[in-house]
Protein chains: 2
Amino acid sequence: MKKNSKNLPPYRHSLAGTLLAAREAVMAPIRPMLAEAGVTEQQWRVLRVLDDSGPIDLKTLADSALLFGPSVTRILKDLVERELVIRQANPKDGRGAIVSLSASGRTLIEETATHTILQLSLYSKKFGDKRLKNLIAELRALIKAIDG
Amino acid sequence: MKKNSKNLPPYRHSLAGTLLAAREAVMAPIRPMLAEAGVTEQQWRVLRVLDDSGPIDLKTLADSALLFGPSVTRILKDLVERELVIRQANPKDGRGAIVSLSASGRTLIEETATHTILQLSLYSKKFGDKRLKNLIAELRALIKAIDG
DNA sequence: TTTTATAATTTAACATGTTAAGTATATGAC
DNA sequence: GTCATATACTTAACATGTTAAATTATAAAA
């Protein structure tokens, strides 16, 4: 009888492993371009989300950027200092803040978007546009199934 | 005409964002159990890979566990000290080492595998076994398409 | 055999992941 | 209005992500 661990696939072929490898394949070519623009991937995610749906509170920002609360606090400290982001007290809730993109933050996002779009369309071309859309839909269905 | 950044979907619905969210959904319920067993997710990945295909060299270990070289060096230092892993000089290459699971490392992997299998079968049940297999296959096809 | 290039790690440095706890504020029950 | 509970952050602490560089060994070219 097989040991328990032999009832699991090799890590690289597991669900978690394949998801991590796929994410790395997608992001690895984009990181150097972000570094050239002077931001890390996580900082870029913050700016991206603020461009998508700012001004927002920190909890919404953390959720949308897929970052932990303490990470957002730390990242924002830096982005505020560099004036890429504007932070204001939340008039509706004294505990928190509302964050938005500054003009120079918006410029940085615009500049990096060009390359990101290029890279993504490369992936689309190689994998198939419809196929990629289906994959994203299936991933979202998986998330929904797991989280409820 | 739309700005470049408006030609990108909201981050949470992007390919990279969806992959990260899916991975988080999969791993979040497993981490507390790993913490109870006394290992972090990354340490567990190392033990997992050594169980799958040890003894192996550090580069193979890093690739299979989806970890950066410096991370593997650091993680191994701790696992060797805790005697979960055995490290030996590589007779075939003086630059590196060969790493394998110790008996207590194997025990830990056995113990955590039970819970991991449970969790994965829960995902399977909720999402569909065949559908999950298809998703993993599509992810691997995506990786292949991007990396070449 | 010698020289050059490449590779396998490790180290350094800084950013972020992750969990727990603290502080201040908001909400809900009574 | 008071009190208990929950929430939005922040801080602390430690682990790992990520890039660059260093060290040592191996492989390839001349």
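Proteins come first, then strands; the chains are lettered A, B, ... in the order of their sequence lines, and each starts at number 1.
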S.K.: With sequence neighbours excluded, tell me which residues meet salt bridge (charged side-chain N to carboxylate O under 4.0 Å, His left out) with Arg131(A).
M.R.: Glu138(B)

S.K.: Please identify each residue that fulfils salt bridge (charged side-chain N to carboxylate O under 4.0 Å, His left out) with Lys59(A), with sequence neighbours left out.
M.R.: Asp63(A)

S.K.: Which of residues 82-102 of chain B sit near DNA chain D, with a heavy atom under 4.0 Å from it?
M.R.: Asp93(B), Gly94(B), Arg95(B)

S.K.: Counting any heavy atom closer than 4.0 Å, what does Ser71(A) reach on the DNA or RNA strands: base, sugar-phosphate only, or nothing?
M.R.: base

S.K.: If the condition is side chain to side chain contact (heavy atoms under 4.5 Å, CB included), which residues does Leu118(B) pass it with, not counting sequence neighbours?
M.R.: none

S.K.: What is the distance, to the nearest angstrom, from the CD1 atom on Ile75(A) to the P atom on dT10(D)?
M.R.: 12 Å

S.K.: Separation of Leu20(A) atom CG from dT16(D) atom C1', in whole Å?
M.R.: 12 Å

S.K.: Applying salt bridge (charged side-chain N to carboxylate O under 4.0 Å, His left out) as the test, list every pair that has at least one member in residues 84-95 of chain A; sequence neighbours left out.
M.R.: Asp93(A)-Arg95(A)

S.K.: Using whole Å, report how far NZ of Lys77(A) lies from P of dT16(C).
M.R.: 13 Å

S.K.: Please report the end-to-end axis angle for the helix from dT1(C)-dA30(D) to dC30(C)-dG1(D), five pairs per end, rounded to 10 degrees.
M.R.: 40°

S.K.: Of all residues at least two apart in sequence or in a different chain, which pass the salt bridge (charged side-chain N to carboxylate O under 4.0 Å, His left out) check with Lys144(A)?
M.R.: none

S.K.: Find the distance Phe68(B):CZ to dA20(D):C1' and express it as a whole number of Å.
M.R.: 13 Å

S.K.: Is the number of heavy atoms from other residues, nucleotides or ligands within 6.0 Å of NZ (Lys126(B)) greater than 12?
M.R.: yes

S.K.: Nearest to the side chain of Glu41(B) - dT18(C), dC9(D), dT18(D)?
M.R.: dT18(C)

S.K.: dT16(C) C1' sits how many Å from Gln42(A) CD, rounded?
M.R.: 6 Å

S.K.: Quick check on DNA chain D: between Ala28(A) and Thr60(A), whose nearest nucleotide comes earlier from the 5' end?
M.R.: Thr60(A)

S.K.: So Thr73(A), base contact, sugar-phosphate only, or nothing? Heavy-atom distance under 4.0 Å.
M.R.: base

S.K.: Determine the minimum heavy-atom distance between Ala25(A) and Asp147(B), stating which atoms define it.
M.R.: CB-OD1, 3.9 Å

S.K.: How would you list, by chain and number, every residue that makes a salt bridge (charged side-chain N to carboxylate O under 4.0 Å, His left out) with Asp78(B), sequence neighbours excluded?
M.R.: Arg82(B)

S.K.: Using heavy atoms to find the nearest nucleotide of DNA chain C for Leu66(A) and Val72(B) separately, return the residue whose nucleotide is more 5′.
M.R.: Val72(B)

S.K.: State plainly whether one hydrophobic cluster holds both Tyr123(B) and Ile136(B), where clusters connect Ile, Leu, Val, Met, Phe, Trp and Tyr through side-chain heavy atoms under 4.5 angstrom apart.
M.R.: yes

S.K.: Arg31(A) or Gly69(A): which one's nearest nucleotide on DNA chain D is closer to the 5' end?
M.R.: Gly69(A)

S.K.: Quick test: give all pairs of protein nitrogen or oxygen and nucleotides 12-14 of chain C nitrogen or oxygen below 3.5 Å, distance rounded to 0.1 Å.
M.R.:
residue, atom, partner, partner atom, Å
dA13(C), N6, Arg74(B), NH1, 3.4

S.K.: Run the side chain to side chain contact (heavy atoms under 4.5 Å, CB included) test against Thr73(A) and tell me which residues pass, sequence neighbours left out.
M.R.: none

S.K.: Counting just side-chain N and O atoms, does Gln43(B) come under 4.0 Å of either OP1 or OP2 of dT16(D)?
M.R.: yes

S.K.: Where the side chain of Thr40(A) is concerned, which of dA15(D), dT9(C), dA15(C) is the nearest nucleotide?
M.R.: dA15(C)

S.K.: Scan Asp78(A) against the nucleic acid and name what it touches under 4.0 Å (heavy atoms): base, sugar-phosphate only, or nothing.
M.R.: nothing

S.K.: For Arg45(B) and dG17(C), what is the distance between atoms CZ and P respectively, to the nearest whole Å?
M.R.: 14 Å

S.K.: To the nearest angstrom, how far is Leu58(A) atom CG from dT7(D) atom P?
M.R.: 17 Å

S.K.: Take the protein atom CG of Leu67(B) and the nucleotide atom P of dG17(C), then report the distance between them rounded to whole Å.
M.R.: 15 Å

S.K.: Output all residues satisfying side chain to side chain contact (heavy atoms under 4.5 Å, CB included) with Thr114(A), sequence neighbours left out; order by chain, then residue number.
M.R.: Asn4(B)

S.K.: Return each pair, listed once, that meets salt bridge (charged side-chain N to carboxylate O under 4.0 Å, His left out) where at least one residue sits in residues 19-40 of chain A; pairs must be two or more places apart or across chains.
M.R.: Arg23(A)-Glu41(A), Glu24(A)-Arg31(A), Arg31(A)-Glu41(A)

